[in-house]
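Whatever order the structure lists them in is the order used to number ligands and atoms, beginning at 1. Residue numbers run from 1 in the order of the sequence given.
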Amino acid sequence: MTTWLKAQYTRRDPDPQSVIEAVPFERPVLAPGQALVAVLAAPINPSDVLTLTGEYGILPPLPAVGGNEGVGRVVELGPDTQGPAVGQTVLLPAGIGTWASHVLAPVAKLVPLPNGADPQQLAMLTVNPPTASLLLGNFVDLKPGDWVVQNAANSGVGSYLVQLARQRGLKTVNIVRRESAVAGVETLGADVVLVDGEDLAARVKAVTHGASIKLGVDSVGGSATLRLAACLGEGSIVVNYGALSGDACKVSPRELVFRDITLKGFWLARWFRITPAAQQHALLAELAGLIAAGKLKAPIQATYDLMQIKQAVAAAAAGERQGKIMIVPRHE
Ligand SMILES: NC(=O)c1ccc[n+]([C@@H]2O[C@H](COP(=O)([O-])OP(=O)(O)OC[C@H]3O[C@@H](n4cnc5c(N)ncnc54)[C@H](OP(=O)(O)O)[C@@H]3O)[C@@H](O)[C@H]2O)c1
């Protein structure tokens, strides 16, 4: 018998797993233009955790279903509705509440994906791969052979950035905060992996033989931004896209004034808001092709059923993971 479950929250709290719970719901009646989709996989990203704690940049009205991205398989189309065929694997629309056994979605917003590809890898397509691609492509005119430095390099975004940089002929210096994360980043194709610390710029200079690094990619903030900026060549850019440390980015006047370093920010949600749909679809199609071909992937630490949503959120909120936490609803 099919169990219809969704991971819902009715309030926000600093303790994210305390507010989320799996609740049953009735099979919905479809309207024209809608599809019923069985969710195959949906990740828990840091932004999902911050949405539960109330600290993210956009917060849905309550009650809400958790999960911003994922993939599913079409189960039923609404009356008089043309769309992806029943059985087709599809990318779910962003922000639909993907931690559920099933979702109702407008067919116009479903993007067909290769049926044979790994649904757990495809489930991470909407957020982190485009972020990594745009961080590499939108700020500095990089040429093959140029160096890029990033921190939190073992994160999902960091993992994609390593692989995309290599495919574009770029070299990467990857900063992690613990020795145990080094080997995993190396296996993805990193040129250099270093553990963060006070003498970072000197160590980066030594391993790159004094190369002038043009782009620094920062998701940590605080003093980590300062250490990253010190690794860059004169006139370079640091792009911040996260606040994993919880602290404001620190950049000294020494970097800004004497070395002409610029600090910018990037938010994918804003890019989706201001970018023509055709350009968005082209980027997602390119990245989906790479994922389906096994050329782009991110490590997954563990999968959880919806009934284990509290444990899953707790695991996602914890540090020192070996990869993403993935919700994989059971469909009996
Ligand atoms: N701006 C945007 O559009 C955008 C898009 C996507 C993601 N993001 C942001 O990018 C960041 C990474 O997301 P993700 O999904 O790739 O992450 P993820 O795969 O869940 O990995 C989390 C990473 O954060 C590191 N970390 C956690 N706390 C830290 C701290 N206090 N100091 C330094 N590192 C810390 C972890 O290191 P350990 O393994 O050592 O714990 C790990 O590398 C998040 O802040 C997310 O919100 C932003």
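Ligand 1 has a nitrogen or oxygen under 3.5 angstrom from a nitrogen or oxygen of Leu268. For a threshold of 3.5 Å applied to N or O pairs, the pair formed by Ser219 and ligand 1 contains no separation below that value. Residue contacts with ligand 1: Lys324 is placed with a nitrogen or oxygen under 3.5 Å of a nitrogen or oxygen of the ligand (distance criterion only).
Among protein heavy atoms, atom 22 (C) of ligand 1 sits closest to Arg321 NH2, 3.9 Å. Regarding atom 47 (O) of ligand 1, its nearest protein heavy-atom neighbour is Pro46 CB, 3.8 Å. If you check which protein heavy atom lies closest to atom 6 (C) of ligand 1, you get Asn128 OD1, 3.3 Å. Among all non-hydrogen protein atoms, the one lying nearest atom 42 (C) of ligand 1 is Asn154 OD1, 3.9 Å. Nearest protein heavy-atom contact of atom 19 (O) of ligand 1 is Gly156 N, 2.7 Å. Nearest protein heavy-atom neighbour of atom 12 (C) of ligand 1: Ser155 CB, 4.1 Å.
Residues Phe25 and Ser101 have side chains in contact (heavy-atom distance under 4.5 Å, counting atoms from C-beta outward).
Every atom of ligand 1 is numbered from 1 in the order shown, and the set under 4.0 Å from a heavy atom of Ser245 is 31 (N). Remark: ligand 1 atoms within the under-4.0 Å shell around heavy atoms of Gly319 are 41 (O). For ligand 1, the atoms lying closer than 4.0 Å to a non-hydrogen atom of Arg178 are 38 (P), 39 (O), 40 (O). Heavy-atom proximity to Val220, at under 4.0 Å, picks out these atoms of ligand 1: 32 (N), 33 (C). Taking every non-hydrogen atom of Val157 and a distance limit under 4.0 Å, the qualifying atoms of ligand 1 come out as 6 (C), 7 (C), 16 (O).
Side-chain N or O atoms of Thr81 include one that pairs as donor or acceptor with a backbone N or O of Pro79 at under 3.5 Å. Distance alone, capped at 3.5 Å, places no donor-acceptor pair between the Gln279 side chain and the Pro276 backbone.
Comment: Arg227 engages Asp196 in a salt bridge, judged by a side-chain N to carboxylate O separation of less than 4.0 angstrom. Using a cut-off of 4.0 Å between Lys/Arg side-chain N and Asp/Glu carboxylate O, Arg330 and Asp305 are scored as salt-bridged.
The residue from Ile327, Leu5, Val23 that alone fulfils the side chain to side chain contact (heavy atoms under 4.5 Å, CB included) condition with Ile309 is Ile327.
Leu283 contributes atom CG, which lies 8.5 Å from atom CG of Leu125 (distance to the nearest 0.5 angstrom).
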query: Would Asp218 and Gln150 satisfy side-chain hydrogen bond (donor to acceptor under 3.5 Å, both in side chains), going step by step from the backbone distance to the final call?
result: CA-CA 6 Å; Asp218 170 40; Gln150 66 162 340; over 6 Å; no
field: Audit row: Arg166, Asp191, salt bridge (Lys or Arg N to Asp or Glu O under 4.0 Å) steps and yes/no
entry: CA-CA 9 Å; Arg166 176 155 281 242; Asp191 293 282; 3.4 Å; yes
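Asn45 and Ser47 share no donor-acceptor pair across their side chains, judged by distance under 3.5 Å alone.
For atom 44 (C) of ligand 1, the nearest non-hydrogen atom from the set Leu244, Leu135, Asn45, Val176 comes from Leu244. For atom 37 (O) of ligand 1, the choice among Arg177, Glu320, Met124 with the nearest heavy atom turns out to be Arg177. Relative to atom 9 (C) of ligand 1, the option among Phe266, Tyr241, Trp267 with the closest non-hydrogen atom is Tyr241.
Contact record, Arg168 with Ser133: NH2-OG, 2.8 Å, taken as the closest heavy-atom pair.
Contacts with ligand 1 closer than 4.0 Å are made by side-chain heavy atoms of Thr131 only, the backbone lying farther away. Residue-level proximity to ligand 1 for Val127 is carried by the side chain, the only part with a heavy atom below 4.0 angstrom.
Between His102 and Trp4, the ring-plane angle classifies as parallel under the 30° and 60° cut-offs.
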